[in-house]
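Basis for what follows: all heavy atoms, side chains included, without hydrogens, waters or symmetry-related copies. Nothing fancy with the numbering, it's 1 onward along the sequence. Not measured: the values here are computed from a predicted model.
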Amino acid sequence: MGGYVEPSEDELRAIYADTTTIAVVGASANPGKPAHTVPAYLQDVGFRILPVNPRAEEILGVQAYPRLEDVPAPVDVVEVFRPAEEAPEIARSAVAIGAKTLWLQEGIVSEDAAAIARAGGLRVVMGRCMRATHRALFE
């Protein structure tokens, strides 16, 4: 994976420790999809979830926003449930809103997005499930 370096367990723990608010790009209202169950888990363990989905008004009992730039609160992690080809533009938006981490969910890998995010000062996690990683580290 080119310039991407998998974060260590300590780095992953630091990401969770530094995180209060997670903007979930591609969050789903469908309880059968990981884009619903993963943010639901993260919400249950205490993170503030802000769904980003232009086709939804509310997800997980929280107002959804059409674009990352529309989220009215500071964001620590931008969690991505969109195809890899959309990831570079999402990375640019994550940098623009001042996020700390870009997290591409399991199955999503984009060296371009990682490079954009790193150049903007963000930490990057790619191809890992944020729920499974949290469980492995803290349960």
Side-chain angles (χ1 to χ4, degrees):
M1 281 197 249
Y4 175 71
V5 177
E6 181 75 21
S8 69
E9 276 195 16
D10 286 344
E11 289 168 322
L12 290 167
R13 286 179 195 279
I15 289 170
Y16 289 107
D18 293 345
T19 298
T20 302
T21 303
I22 303 168
V24 183
V25 178
S28 175
N30 180 340
K33 291 188 169 189
H36 180 88
T37 58
V38 171
Y41 166 85
L42 294 167
Q43 188 180 55
D44 287 347
V45 297
F47 295 103
R48 180 181 183 198
I49 299 299
L50 298 173
V52 178
N53 182 328
R55 293 180 300 285
E57 288 188 25
E58 185 180 287
I59 297 172
L60 297 170
V62 180
Q63 179 183 341
Y65 299 93
R67 303 172 318 127
L68 209 41
E69 291 84 354
D70 297 323
V71 172
V75 170
D76 300 308
V77 173
V78 173
E79 183 184 19
V80 181
F81 282 94
R82 297 297 303 151
E85 53 272 13
E86 294 180 26
E89 189 57 39
I90 295 166
R92 281 188 272 281
S93 294
V95 170
I97 67 164
K100 298 176 189 171
T101 301
L102 177 70
W103 190 302
L104 304 182
Q105 269 298 122
E106 196 170 43
I108 305 169
V109 174
S110 170
E111 283 293 339
D112 290 343
I116 291 163
R118 277 196 308 270
L122 278 69
R123 295 177 286 200
V124 178
V125 180
M126 275 198 304
R128 289 186 73 138
C129 176
M130 200 165 181
R131 172 182 57 193
T133 302
H134 186 272
R135 284 180 170 161
L137 293 171
F138 299 104
E139 288 188 4

After noting the C-alpha distance and the side-chain angles of Trp103 and Arg128, does the key distance pass the side-chain contact (heavy atoms from CB on, under 4.5 Å) rule?
CA-CA 8 Å; Trp103 190 302; Arg128 289 186 73 138; 4.2 Å; yes
Which of parallel (below 30°), tilted (30 to 60°) and perpendicular (above 60°) describes Tyr16 and Phe47?
tilted
In residues 50-66, what donor-acceptor pairs under 3.5 Å come from side-chain atoms, sequence neighbours left out?
residue: Asn53; atom: OD1; partner: Arg55; partner atom: N; Å: 2.7
residue: Asn53; atom: ND2; partner: Ala27; partner atom: O; Å: 2.8

Could you state the interatomic distance from NE2 (His134) to CZ (Arg13), rounded to the nearest 0.5 Å?
10.0 Å
Tell me whether Glu11 contacts the main-chain N or O of Ser8 through its side chain, where contact means a donor paired with an acceptor under 3.5 Å.
yes
What is the minimum heavy-atom distance between Thr37 and Pro31, and which atoms define it?
CG2-O, 3.3 Å
Between Ala91 and Ala117, which heavy-atom pair has the shortest distance, and what is it?
CB-N, 4.3 Å
What are the two closest non-hydrogen atoms of Ile97 and Glu69, and how far apart are they?
CG2-CA, 4.1 Å
Among Ile116, Val25, Val95, Leu122, find the one that has a side chain to side chain contact (heavy atoms under 4.5 Å, CB included) with Leu102.
Leu122
Yes or no on side-chain contact (heavy atoms from CB on, under 4.5 Å) for Ile108 and Arg82, after CA distance, side-chain angles and deciding distance?
CA-CA 8 Å; Ile108 305 169; Arg82 297 297 303 151; 5.8 Å; no
Give the minimum heavy-atom separation between Ser110 and Ala87, together with the two atoms involved.
CB-CB, 3.8 Å
Check whether Gln105 reaches the backbone of Met130 with its side chain - one donor and one acceptor, N or O, closer than 3.5 Å.
yes
Work out which heavy atom in Cys129 is nearest to a heavy atom in Val38; give both atom names and the distance.
SG-CG2, 3.9 Å
Using the side-chain contact (heavy atoms from CB on, under 4.5 Å) rule, take Tyr41 and Arg135 through it: C-alpha gap first, then chi angles, then the decisive distance, then the call.
CA-CA 10 Å; Tyr41 166 85; Arg135 284 180 170 161; 3.4 Å; yes
Contact summary for Lys33 and Ser28, nearest pair of heavy atoms:
CD-OG, 3.6 Å
Please determine which of Leu12, Val77, Thr101 meets the side chain to side chain contact (heavy atoms under 4.5 Å, CB included) test together with Arg123.
Thr101
Around atom CZ of Arg118, are there more than 12 heavy atoms from other residues, nucleotides or ligands closer than 6.0 Å?
yes
What distance do Glu85 atom CD and Ile90 atom CD1 have between them, rounded to the nearest 0.5 Å?
10.0 Å
Would you sort out whether Val125 and Ile15 count as a side-chain contact (heavy atoms from CB on, under 4.5 Å), showing the intermediate values?
CA-CA 10 Å; Val125 180; Ile15 289 170; 3.7 Å; yes
For the residue pair Asp76 and Lys100, establish whether any side-chain heavy-atom pair is separated by less than 4.5 Å.
yes
